[in-house]
**Student:** 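Here you go, one structure.
Note: hydrogens, waters and symmetry copies are ignored here, and every other heavy atom, side chains too, is used. Just so it is clear: chains get the letters A, B, ... in the order the sequence lines come, proteins before strands, and each one is counted from 1. Model, not experiment: these values are computed from the prediction.
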Protein chains: 2
Amino acid sequence: MNRLDRILALLHLLRQGRPVSASGLAQRFEVSVRTIYRDMETLAGMGLPVEPEMGRRGGFRLGPGYFLPPVTLDPEEAVSLLLGLALSRALRVLPFPDGTDMAERKLLAVLPEETRGTLERASRFIGFERVPPDLLHPERDDPQAGGQAAEEESRVVGRFLRAALSRSRLRLSYRSPYRREAEPLREIEPRGIVWDRDRWYLVGDVEVRAGEPRMWRADRVLEMKSGGGMHPTAADFDVSSLLGRRWLGKAMERWRTENPVRVALPAARADVLRRDWYYGHALFEDGPDGRTVMTVGEGEYERVAALLRWLGPGAELLEPAEWRGRLAGELRRMADAYGSREQAARDS
Amino acid sequence: MNRLDRILALLHLLRQGRPVSASGLAQRFEVSVRTIYRDMETLAGMGLPVEPEMGRRGGFRLGPGYFLPPVTLDPEEAVSLLLGLALSRALRVLPFPDGTDMAERKLLAVLPEETRGTLERASRFIGFERVPPDLLHPERDDPQAGGQAAEEESRVVGRFLRAALSRSRLRLSYRSPYRREAEPLREIEPRGIVWDRDRWYLVGDVEVRAGEPRMWRADRVLEMKSGGGMHPTAADFDVSSLLGRRWLGKAMERWRTENPVRVALPAARADVLRRDWYYGHALFEDGPDGRTVMTVGEGEYERVAALLRWLGPGAELLEPAEWRGRLAGELRRMADAYGSREQAARDS
DNA sequence: GGAAAGTATGACATAAACTGTCGCGGTCGA
DNA sequence: TCGACCGCGACAGTTTATGTCATACTTTCC
C-alpha cells in the first residue's frame with residue numbers, strides 16, 4: 001500500500017472517533033510501528049489535531065476537532081450552507097456561536113476563488129428582519145435583549161443541545177415568572193429545543209411527569225449542572241409533536257379551567273382570532289344569539305381588556321362578570337374623550 | 001518539496017477553477033513535467049474529477065463538480081451548519097432547494113460515525129415555529145400559503161438571488177395590491193433579498209429611479225425573464241441599509257403627508273408603540289397637555305379604529321376630525337353592550 | 001510496586017518509490 | 001502546418017520511506 005493511500009486511510013480511521021493504537025494500525029496496514037509514528041507526524045504537520053494518549057489504554061485520536069475528508073460542493077450547495085449560517089445569525093439562533101463563525105470562515109476559505117468574492121459579501125445581498133414584537137401579546141420583561149443576555153442564552157441552549165445529543169442528564173434551576181422564588185435544581189432528561197418568536201425553549205422530561213415533556217424558556221434558566229446518564233427509555237421523542245404550538249394548547253386547557261374568561265364575538269372576528277398563534281388554541285363554541293363564544297384562560301384584567309377592545313363592536317365580555325363594569329366604564333371614558341353623547345350625535 | 005505537500009498544493013490550485021498547464025505547474029514546483037502528469041494520475045486515482053483539456057490552450061481543471069479540499073470541522077461546527085439548514089427549511093428560506101438537500105446529505109455522509117446517528121435525527125431535536133401573524137398588522141391576502149405557492153416563491157427568490165450574485169439583470173412583471181392590473185415587464189438590477197415576517201422581498205434598482213432601490217414581495221412576482229448584463233455602476237449596495245425596516249420609514253413619511261392621522265396618547269403607551277415594528281416609524285411629538293402626539297399615515301378607518309381601541313383610555317384621535325364621531329359612537333356601542341350608563345354605575 | 005501496553009525518538013542500512021530524461025504519439029487552435 | 005499542450009512507456013539515478021534495534025517515558029491493571 002502506498003504511503004499516500006495509507007495516510008488518507010489513517011485520516012479516515014481517525015475520523016471515526018475511536019482511539020487507535022499504533023501497533024494495531026501497523027498490523028492493519030502491514031507496516032512497522034515506526035512507520036505509523038512517522039505518518040502521525042506527517043498528519044500533525046498537515047495541521048491535523050492528532051492527539052496521542054499515553055498509557056496502557058492509550059492510542060491516537062483526533063483532538064477536539066474532527067476531520068472532514070474531501071467532498072465536492074457545487075456553488076449552490078455552498079450558498080445554501082452559508083445562507084443557513086447567515087439566517088442563524090440574523091435570528092440569533094446560535095447554540096454554538098464560535099462554531100458558526102468558524103464554520104463560515106472554513107467554508108469561505110475553501111471556495112473557488114471566483115465564487116468566494118461574491119459570497120463573502122453574501123450578507124450584503126441577504127437581509128433578515130428580526131421577528132417583530134406583537135402588540136397584542138407583549139412580553140413581560142425587557143424587550144431589549146442586550147448582547148450579553150443573548151450570549152448567555154445561546155450558551156444555555158448550546159449546553160442543553162449538547163446534552164440532548166449525547167443523551168446525558170442535566171440539573172437546572174429556573175426562574176418562573178409566576179413564582180416569586182427561583183425553582184430549585186431539578187434533574188431532567190433533555191429532549192430537544194424549540195425556537196419560537198425570537199426565543200429558544202428547552203424541552204425535557206421531568207422525573208415526576210415522565211413522558212409529558214416540559215418546556216423552559218432558555219433566558220430564564222438560572223443555573224445548569226451536569227447530571228447522571230440518561231435512562232435508556234423514551235428512545236424516540238420528536239419535538240415536531242410540540243410544534244404548531246401544541247404545547248400551548250395543553251397549557252391553555254389548564255388556564256381555561258383555572259381562570260375562565262368568556263367572550264361573545266361576531267363569527268367573522270372569531271375567524272380572525274382562530275388564525276392567531278395564541279387565541280387559536282382557545283375554545284370556540286356557537287353562542288345562542290348567532291355569535292361565537294370563545295373561552296380562554298387569563299388572570300390579568302388588562303390583557304382581557306386589550307383583547308376586548310381590539311375585537312371592537314359586537315364583542316362582549318361575558319365572564320368574569322365582575323370585569324364587565326370596569327370594562328364598560330373604560331370604554332365610556334374613551335368615548336367621552338370625544339365629547340358628550342349629544343356632541344357625538346351632532347358630529348356623526 | 002514533498003510529494004504529499006505538492007499533491008495537496010495541486011489540489012488547492014485546481015480548486016481555484018482556472019485551468020492549469022502541466023508545464024506551468026512543473027516550473028512552479030520545480031519538478032519535471034512528467035512528475036506533474038504522474039501526480040495528476042494519482043489525484044485521479046483518488047477519485048478526483050480532474051479533466052484534461054487537449055490542444056494548445058489546454059490544461060488541467062476540475063470536472064463538473066467543484067472540489068472542496070480537506071477541512072477540519074468539529075462537531076459544533078457541523079451542528080451549526082446542519083442547524084442553519086434546518087432553520088432555512090423551517091422558515092422556507094430556500095433559494096436553492098436542491099442544493100440544500102444535497103449539502104445536508106453530503107455533510108451527514110462525511111460526519112464521524114457516532115455523531116452521524118444522532119445528527120441524522122437533528123430535526124427531531126430542534127423545532128422551529130413559524131412566525132405568528134400579527135393581529136394588529138394583518139396581511140391582506142390569504143394567510144394559508146399552500147405548498148405549491150411556497151415552492152413557487154422559493155423558485156423566484158432563488159432565481160433573483162442567482163442573478164444578484166452573478167450581476168445580471170432581470171425583467172419581471174409584478175402584481176401590485178394597489179393596482180388592478182399587473183405591472184408590465186420592467187428591467188431591473190437585482191441588489192439583494194430581505195426576509196421579513198415570514199416573507200421574502202426582492203430588492204432592486206429600477207432605471208427610472210436609480211440609487212433608490214425598490215422592493216417587491218416575492219410571492220407577488222408574476223413572471224421573470226433574463227435581462228442584459230449589469231451596469232458596472234453602483235458597485236457597493238448593502239441590503240443592511242434597508243434593515244430595521246428603514247424602507248418602511250420612508251414609505252410612512254409619504255403616507256403621512258398624504259393621509260395624516262394624528263393621535264394623542266399617554267407617554268407610557270407611546271413608549272410601547274415606539275417598540276412596534278410598524279408604528280415605531282411614526283412621528284412622535286410632545287403634545288401641549290403632557291401627552292404624546294403621534295402622526296401616522298393611514299387611509300383606512302378600520303385600522304385607525306383598531307389602533308385607537310388597542311391604545312385604550314387616555315388615547316384620543318385628533319385627526320382626521322371626521323372620524324372622531326364615528327369612533328366615539330363605536331366605543332359607546334361597545335360600552336352599551338354592558339347595559340346603560342346607570343347600570344354600569346351600579347356594577348362598578 | 002511491578003508488569004503490560006502504550007507513546008516518543010534517534011540511528012542506520014536497505015528497499016522501495018519517486019523523479020528526470022528520453023522518445024513518440026496524440027489534439028487542438030491560430 | 002506549426003506550436004503548445006496532453007498522454008504514456010521505459011530506464012537510470014536519486015531521494016524517500018521503511019524496518020530494525022535501542023532507549024525513555026506514561027498510564028493502567030493486578
**Student:** More 5' along DNA chain C: N2(A) or P52(A), using each one's nearest nucleotide?
**Tutor:** P52(A)

**Student:** First contact, last contact: which nucleotides of DNA chain D are these for chain B, 5' to 3', heavy-atom distance under 4.0 Å?
**Tutor:** dG3(D) to dA17(D)

**Student:** Between E104(A) and L81(A), is there a side-chain heavy-atom distance shorter than 4.5 Å?
**Tutor:** no

**Student:** With a 4.0 Å heavy-atom cut-off, tell me which residues in residues 25-40 of chain B come close to DNA chain C, sorted by residue number.
**Tutor:** E30(B), V31(B), S32(B), R34(B), T35(B), R38(B)

**Student:** Sequence neighbours excluded, which residues qualify as side chain to side chain contact (heavy atoms under 4.5 Å, CB included) partners of S23(A)?
**Tutor:** S21(A)

**Student:** Of all residues at least two apart in sequence or in a different chain, which pass the salt bridge (Lys or Arg N to Asp or Glu O under 4.0 Å) check with E223(A)?
**Tutor:** K225(A)

**Student:** Taking for each residue the nucleotide of DNA chain D with the nearest heavy atom, is it R6(A) or R57(A) whose nucleotide lies nearer the 5' end?
**Tutor:** R6(A)

**Student:** In this structure, how many angstroms lie between the C1' atom of dT27(C) and the CE atom of M54(B), rounded?
**Tutor:** 5 Å

**Student:** Below 4.0 angstrom from OP1 or OP2 of dG6(C), is there any side-chain N or O of S23(A)?
**Tutor:** yes

**Student:** Need the bend value for the helix from dG1(C)-dC30(D) to dA30(C)-dT1(D): angle between end axes, 5 pairs each end, nearest 10°.
**Tutor:** 50°

**Student:** Taking the side chain as everything from C-beta on, heavy atoms only, tell me whether L172(B) gets closer than 4.5 Å to L202(B).
**Tutor:** yes

**Student:** Sequence neighbours excluded, which residues qualify as salt bridge (Lys or Arg N to Asp or Glu O under 4.0 Å) partners of R159(B)?
**Tutor:** none

**Student:** Take the protein atom CZ of R3(B) and the nucleotide atom C1' of dA16(C), then report the distance between them rounded to whole Å.
**Tutor:** 12 Å

**Student:** Calculate the interatomic distance between L43(A) atom CG and dT7(C) atom P; express it in whole Å.
**Tutor:** 14 Å

**Student:** Rounded to whole angstroms, how far apart are CD1 on I7(A) and P on dA17(C)?
**Tutor:** 14 Å

**Student:** Just the rounded figure in Å: distance from P of dT19(C) to CG of L10(B).
**Tutor:** 11 Å

**Student:** Check side-chain hydrogen bond (donor to acceptor under 3.5 Å, both in side chains) between D101(B) and all other residues, then give those that pass, not counting sequence neighbours.
**Tutor:** R89(B)

**Student:** Test of understanding: with side chain to side chain contact (heavy atoms under 4.5 Å, CB included), list the residues that count as partners of A44(B), not counting sequence neighbours.
**Tutor:** V50(B)

**Student:** Among all residues two or more places apart in sequence or in another chain, which pass the salt bridge (Lys or Arg N to Asp or Glu O under 4.0 Å) test with E41(A)?
**Tutor:** none

**Student:** With sequence neighbours excluded, what pairs up with R6(B) under the salt bridge (Lys or Arg N to Asp or Glu O under 4.0 Å) test?
**Tutor:** D39(B)

**Student:** Is the cationic atom of R214(A) (NZ for Lys, CZ for Arg) positioned less than 6.0 Å from the six-membered ring centroid of Y174(A) and within 45 degrees of its normal?
**Tutor:** yes

**Student:** Mind checking what makes ring-ring contact (aromatic ring centres under 6.0 Å, His included) contact with F60(A), not counting sequence neighbours?
**Tutor:** Y37(A)

